[in-house]
Each structure stands twice: as structure tokens, then as C-alpha cells.
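Below is one structure, written out as C-alpha cells, with a few remarks after it.
No hydrogens, no waters, no symmetry mates; every other heavy atom, side chains included, goes into these values. All chains are named by letter (A, B, ...) in the order of the sequence lines, taking the proteins before the strands, and each is independently numbered beginning at 1.
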Amino acid sequence: MTLPKHLHDKVEKYSKKYKITDKEKAETARRVEEKYEKAKISPGEAIGIITAESFGEPSTQLTLDVFHFAGVSEMQVTVGLPRLIEIFDARKRPSTPRMELKLKAKYSKTTDMVREIAMKIKETKLGDVAQEITINVAKANIEIVLDKKKLRELDIKPKAVFDKIVTEMKSLEVKGGDESIIIKPKEKDLLLSEIYKLKEKAKQIHVRGLEGVTHVLPVKDENGYTILCAGSNLEQALELEEVEKETIMTNDIFEVSKIFGIEGAREAIIREATKVLKDQGISIDVRHIMLLVDVMTMTGNIKGITRTGITGEKESVIARATFETPIKHLINASLIGERDDLNSVVENVILNQPVPLGTGLPGLIAKTADMEKDE
Amino acid sequence: MEEKQTIIKHVLVPQHVKLSEEQKQEVLKKYNISSKQLPRIKNDDPALKMIEVKIGDVIMIKRKSPTIGESEYYRVVVNG
């Protein structure tokens with residue numbers, strides 16, 4: 001019995017449901033197995049080309065717009081073809097990073113509670129809670145007046161802001177109380193332009209929240225609250241007490257790879273790609289996506305389908321030259337005397353030879369008369 | 001320790017199991033390949049933090065597959 005487990009289970013389930021005899025069940029299993037064996041891809045089948053075609057045709061129907069407003073939210077999301085290209089080219093950062101954090105049930109009882117958590121997740125910078133930040137030219141220092149109303153709204157203590165400035169700016173003298181904080185460079189005779197730079201730097205001091213998360217939006221669904229974040233910071237999100245850690249999702253594939261490893265990244269790419277296609281009402285069999293992703297993650301790193309990624313790592317010179325920048329590849333190869341064993345498809349097409357696919361794959365082994373004599 | 005636990009538990013991360021030397025040979029024989037031909041996983045991969053691995057070990061990954069329920073995949077540990 002070589003039937004995969006899930007098919008085997010299904011046969012068991014349905015034979016119980018329709019109360020068939022053991023003999024009939026055996027026959028069912030046999031027929032299922034027959035179908036299963038027939039559905040298998042035979043050796044030499046050009047699955048890569050089938051995948052390419054399966055992606056190529058429907059992708060002409062994807063939207064070309066880069067941005068789109070996702071329903072009720074005001075957050076921008078890259079969708080359609082630009083996003084698909086982003087995923088398969090394995091760009092280091094998505095153009096619109098996004099994160100979904102599902103709240104634990106005990107933290108999502110009231111809307112106030114949820115809003116509070118959302119505000120805690122959103123990144124707050126010093127510039128956001130300061131009423132004004134001014135440079136005192138005569139004393140060569142910077143005065144930060146805190147916005148009390150804002151602080152109360154966000155439930156941040158002035159002391160916390162003060163401590164944060166002290167830890168973030170070690171080279172400075174920090175003085176002040178609840179209302180205003182004065183920061184002064186330790187070394188004297190600083191140019192005004194340098195103090196100005198310092199002021200700009202002070203504005204960016206991170207006070208609270210996840211770094212990089214610029215917008216938050218709590219969304220309610222049947223299973224409770226989910227907080228959608230514009231901007232992604234998986235590492236810090238995992239430290240949040242209120243969030244279901246097992247289901248945190250981000251669209252930043254490299255971040256997933258860094259924190260969850262290559263297999264996590266593989267799964268994330270499949271989900272992202274499927275989501276993009278599904279949103280556009282296009283159905284591509286998941287096997288095609290899985291094949292593509294398995295190739296992308298084969299080396300243990302994520303490699304995009306670009307000339308610096310997997311295509312650039314092909315063994316054959318001619319195959320690489322067929323993709324992009326042919327002259328460069330051919331010149332480099334001839335300079336170092338590279339060898340091409342013509343093991344794959346494209347190079348053989350170029351040289352007008354049978355390709356190693358389908359019936360072109362198996363070679364012929366024959367016994368010569370000499371060999372027979374040896375035996 | 002806390003963080004390691006979450007990594008293993010996340011929905012995106014399938015179970016990683018280190019194969020013994022015998023199991024490894026069995027897999028290689030089954031597919032008629034050498035371990036160099038297997039897909040790779042780096043030895044500093046976060047998913048391997050819980051398991052002790054050395055270069056050349058074969059890791060079996062139990063994936064949840066949308067097509068056949070559960071599938072097994074193999075990766076060989078390489079220097080990352």
C-alpha cells in the first residue's frame with residue numbers, strides 16, 4: 001500500500017460513512033491508488049516550464065497599480081503585479097511593510113483596552129510628544145517642551161521620556177523636569193549647524209512602541225481583534241505580552257527568514273504569493289508556487305529569480321547568457337575559460353540539439369560484442 | 001529560552017528533526033543521490049537552535065502541505 005496518508009484516511013472515512021464491505025473498500029483503495037499513480041508527474045516532465053507558463057498568462061491580468069487603499073483602512077498596500085515581482089525577486093524590504101498581530105482573548109475584551117494596546121504598539125518618537133523643540137543660540141543648548149495633553153492621551157510619563165533621552169544620547173548632558181527637558185552637548189564650541197543636526201536627531205528619539213510601525217489599526221473579526229500595522233518589526237513584536245505569538249504575520253520575508261529560519265520563510269512566501277493572486281481573483285495551482293519557492297530557498301538563503309539570484313547561479317554559461325546581459329556573461333566565461341557541459345535545456349536549444357526532457361532524457365546503453373566476450 | 005520556544009511553535013515553522021546516520025543513508029539511497037545534492041539549511045538557522053547539529057547532518061522537515069496533508073522534506077546542514 002503506497003497511498004499517501006491523507007488519501008488513505010479519506011478512503012477509511014468514506015467507507016465508514018457509506019458502510020461498504022471490506023471487499024468494496026479494498027477495491028476503492030485500489031482504484032484510488034491507480035488514479036493517484038496516474039496523476040504523478042513522470043520523470044523528464046518540464047515542470048519548470050509549465051510553472052512559468054502558469055504564472056505568465058494570468059499575471060497579465062494583475063493590476064499594475066502600485067498602491068491601493070485596502071478597504072476601510074487608510075494604509076497603503078502594494079498589491080498585484082508589483083507585489084508579485086517584489087516577492088519573487090526577493091527584494092530585501094517590501095515597499096509597504098505590514099504586520100498582523102492577533103490579540104490574546106483576555107486582552108481584547110473592550111474596545112478601550114484594544115485601543116490602548118494599539119497605541120502602545122505604534123511607534124512614538126520624541127517629536128510626537130514634544131510641543132516644541134527650540135535651540136537656544138546663546139546658551140548653545142536645546143530645549144524640549146513636552147506636550148502634556150499628548151502624553152496623557154498616550155499614557156506616557158514624562159519621567160519615562162526623560163530616561164529614554166538619557167539612555168539614547170549618552171554624549172549629552174540632560175537636565176530638566178516634568179515640563180521641559182534641556183539637552184546640552186558636553187563639548188563646548190559646537191557649531192550651530194551641529195547643534196541643529198542634534199535637534200533633528202533628538203526628534204527621532206524612540207520613546208515607545210515597535211520601531212518602524214508608523215500606523216496601527218485594530219480590526220475586529222469573529223475571533224477577536226487583530227491589529228494591522230503599517231511597518232514591520234517581527235523581533236520586537238514577539239516580545240509583546242498581549243499578542244498571540246504563534247500567529248504573528250509579516251509580509252517582510254527576510255525578517256521571517258532571520259527570525260524563523262528558511263523553512264518559515266518558505267511558508268511565508270507561499271502564503272504571500274497565494275494571497276496576492278487570490279486578492280486579484282486569479283487561481284494558480286499551489287504546486288507551481290511551491291516549486292518556485294523550493295527553488296528559491298534551496299541554498300538555505302532566499303534567492304530571487306534575478307540574474308543576481310538563482311538565474312545567476314546556473315552552472316551553464318549559455319543558460320546564464322540567455323537570461324540577461326548575454327555579452328557580459330560570454331566575455332567573462334571566455335576570459336577564465338569556463339566549461340559548459342550542456343546538461344540543461346536552454347543551452348541545447350541554442351545549439352540545436354535534443355534537450356534532456358521527456359523522451360530526450362534517457363540515454364541508450366548498449367552492450368558491444370567485446371563486452372559480452374569479457375563476461 | 002523563552003524565545004526559542006516561540007520559534008518552534010509559530011505557525012510558519014514546521015517541525016525539524018535530525019536524522020541519525022542510518023536514516024540519512026536510507027534517504028540518500030531512496031533518492032539515489034549524494035548528500036551534496038540535497039537542498040541546504042544553514043547551521044545557524046534559527047529553527048535549528050533547539051537541535052544540536054553539525055555540518056553534513058540531514059534534517060527532516062515535516063511540512064504541512066496543502067496538497068498531500070503532510071510531507072517530508074530533507075535539507076543538509078551547511079556552513080552558514
Side-chain angles (χ1 to χ4, degrees), chain A residues 3-10 36 39-41 43 100 102 234-241 243-251 253 255-272 274 285-291 293-303, chain B residues 1-19 30-80:
Chain A
L3 219 49
K5 194 172 167 288
H6 84 293
L7 283 180
H8 183 78
D9 291 350
K10 261 190 188 162
Y36 173 72
K40 274 187 177 172
I41 299 259
E100 279 175 33
K102 196 172 171 341
L234 195 55
E235 206 167 354
Q236 288 177 11
L238 280 170
E239 284 162 17
L240 289 173
E241 170 60 27
V243 169
E244 294 245 23
K245 293 190 173 82
E246 285 135 62
T247 56
I248 292 177
M249 285 294 162
T250 169
N251 68 355
I253 308 289
E255 213 171 37
V256 174
S257 154
K258 201 180 113 203
I259 291 166
F260 293 142
I262 192 71
E263 276 294 318
R266 185 198 97 101
E267 187 64 35
I269 302 174
I270 294 178
R271 285 181 189 222
E272 278 295 311
T274 317
D285 196 292
V286 71
R287 291 172 184 87
H288 297 310
I289 302 173
M290 278 158 63
L291 173 70
V293 175
D294 277 340
V295 173
M296 283 171 74
T297 57
M298 214 198 89
T299 56
N301 286 316
I302 306 167
K303 291 267 154 74
Chain B
M1 201 60 206
E2 174 74 41
E3 203 193 23
K4 282 177 191 168
Q5 288 292 335
T6 41
I7 284 170
I8 300 299
K9 267 198 227 152
H10 195 273
V11 284
L12 288 177
V13 187
Q15 196 189 350
H16 290 58
V17 184
K18 192 176 119 175
L19 294 187
K30 183 179 162 195
Y31 293 103
N32 192 19
I33 50 173
S34 71
S35 67
K36 270 188 185 163
Q37 288 170 291
L38 280 174
R40 279 156 257 169
I41 187 166
K42 291 189 285 177
N43 59 353
D44 60 355
D45 195 279
L48 298 183
K49 264 186 202 164
M50 300 287 277
I51 330 168
E52 252 182 57
V53 290
K54 55 180 196 301
I55 311 290
D57 279 345
V58 172
I59 307 290
M60 181 176 78
I61 294 144
K62 286 183 182 166
R63 289 174 174 171
K64 287 207 177 61
S65 157
T67 50
I68 70 157
E70 198 175 76
S71 72
E72 288 170 3
Y73 196 74
Y74 303 94
R75 283 180 189 274
V76 62
V77 180
V78 293
N79 208 338

Check your understanding: Side chain, backbone, both or neither: which part of A/Thr297 has a heavy atom under 4.5 Å from chain B?
Key -> both

Exercise for review: Flag the pair A/Met249 / B/Val11 as yes when at least one side-chain heavy-atom distance between them is below 4.5 Å, and no otherwise.
Suggested key: yes

Practice item. Kindly indicate whether the side chain of A/Met290, heavy atoms from C-beta on, has any atom under 4.5 Å from the side chain of B/Ser65. Key: yes

Check your understanding: Can you tell me if CD on B/Gln37 sees more than 12 non-hydrogen neighbours from other groups inside 6.0 Å?
Key -> yes

Point to revise | Qualifying residue, where the test is side chain to side chain donor-acceptor pair (under 3.5 Å) with A/Glu263 and the options are B/Lys62, B/His16, B/Arg75 | key: B/Arg75

Practice item. Against chain A, label B/Ile68 side chain, backbone, both or neither, depending on which of its atoms sit under 4.5 Å from a heavy atom there. Key: both

Point to revise | Within 6.0 Å of NZ in A/Lys303, more than 12 heavy atoms from elsewhere | key: yes

Check your understanding: Any sub-3.5 Å donor-acceptor pair from B/Asp45's side-chain atoms to A/Gly300's backbone N or O?
Key -> no

Practice item. Answer with side chain, backbone, both or neither: which region of A/Val256 has an atom nearer than 4.5 Å to a non-hydrogen atom of chain B? Key: side chain

Review point. Ion pair present between A/Lys5 and B/Glu70, side-chain N to carboxylate O less than 4.0 angstrom?
Key: no

Study note, to complete from the structure: Of all heavy-atom pairs linking B/Lys42 and A/Asn301, the shortest is NZ-OD1, 2.7 Å

Check your understanding: In terms of heavy-atom proximity below 4.5 Å to chain B, should A/Ile270 be classed as side chain, backbone, both, or neither?
Key -> neither

**Study point:** Rounded distance [0.5 Å steps], CG in B/Leu12 versus OG1 in A/Thr247
**Key:** 10.0 Å

Study note, to complete from the structure: All heavy atoms of B/Thr67 vs all of A/His6, minimum pair found to be O-NE2, 3.4 Å

Revision key, fill the gap. Ranked by heavy-atom pairs below 4.5 Å to chain A, first place among B/Ile61, B/Val76, B/Ile41 goes to B/Ile61

Practice item. Supply the atom-to-atom distance A/Ile262 CD1 to B/Ile59 CD1, rounded to the nearest 0.5 angstrom. Key: 14.0 Å

Practice item. Return the option, out of A/Arg287, A/Arg266, A/Lys258, A/Arg271, with the maximum number of heavy-atom pairs under 4.5 Å with chain B. Key: A/Arg266

